[in-house]
Amino acid sequence: MIDAARLIGSCDLLLLTLDTLRYDVAVESLREGRTPNLAAVLPAGGWEERHSPGSFTYSAHHAFFAGFLPTPVAPGFHPRLFAVRFPGSETTGPQTCVFDAPDIVRGLAGRGYHTLCIGGVGFFNLRTPLGAVLPGLFAESHWRPDLGVTDPDSTANQVALACARLGELPADRRVFLFLNVSAIHQPNRFYVPGATADSLATHAAAFAYVDSQLPPLFEALRRRGSALCVVCSDHGTTYGDDGYTGHRLAHPVVWTVPYAEFVLPATAETP
Ligand SMILES: [Zn+2]
């Protein structure tokens, strides 16, 4: 486990949620070489199999922001990277970064971080009171239609916006960047030419598209220094599995999510 208690305060933090990405698709895509850019930064073991604390975006992200990232699937107590202080927590260890705050976003702000939200799916769209709850935790939040699920170029647009803001913020100001990738969430049929319905194949194609757009984001972070990165899905989804379609339901492919945590090194200084 990464020592978040030591790192927070000295490096930027990225939480990248690959909204709706299924664990089985993530693993197969990595094995088949369809996600080379993530392969270049993920730990040697690749994706870790974890259970999400929620079966859809709103519940999962509320839990994430309270310090409950996806849980390792093996039985036992698993120390968490982040926690907000409450009595009796059995998963707060010496390497857990603990905040005296209602959530980790405001906890990080209290440690001097600029908190930046690049929205994606509807729960981040700032268009309704409900769509403003999660972005409202952040000092700065963005959403436009071209960052959302209906734009085939959403990841390129999200990454461009994130890179622009990272470049504008002072280099000595630590940043918590949260980016909710919307492209894998339905509709995703437009990532397979000619497809007329969403399917596991279009889901995988959307994920390959997302991977192709990520290098500028990692480079922008590395130019600012090293960054603690958490990359995971918030839930999976069903495409007719056992008769189910969609998520917000208790099926193993919904609860089981890919997860990775790693430290992205700073770009080497040129003498
Ligand atoms: Zn979601």
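Note that ligands are numbered from 1 as they come in the structure, with each ligand's atoms numbered from 1 the same way.
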Please check if the distance between the ring centroids of His185 and His247 is under 6.0 Å.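 They qualify: ring centres under 6.0 Å apart.
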Indicate if the distance from the Zn ion (ligand 1) to the nearest N, O or S atom of His235 falls below 2.8 Å.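 Yes - counting backbone and side chain alike, His235 has an N, O or S atom under 2.8 Å.
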Answer yes or no for Thr57: is there an N/O/S atom below the 2.8 Å cut-off from the Zn ion (ligand 1)?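 It does: Thr57 brings an N, O or S atom closer than 2.8 Å to the Zn ion (ligand 1).
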Do [X] and [Y] meet the criterion of a side-chain donor-acceptor pair at a distance under 3.5 Å?
| X | Y | value |
| --- | --- | --- |
| Arg80 | Thr91 | yes |
| Thr57 | Asp234 | yes |
| Asp242 | His251 | yes |

Closest to the Zn ion (ligand 1), which N/O/S atom of Asp234 is it?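 Asp234's closest N, O or S atom to the Zn ion (ligand 1) is named OD2.
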Name of whichever N/O/S atom of Asp19 is nearest to the Zn ion (ligand 1):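 That would be atom OD1.
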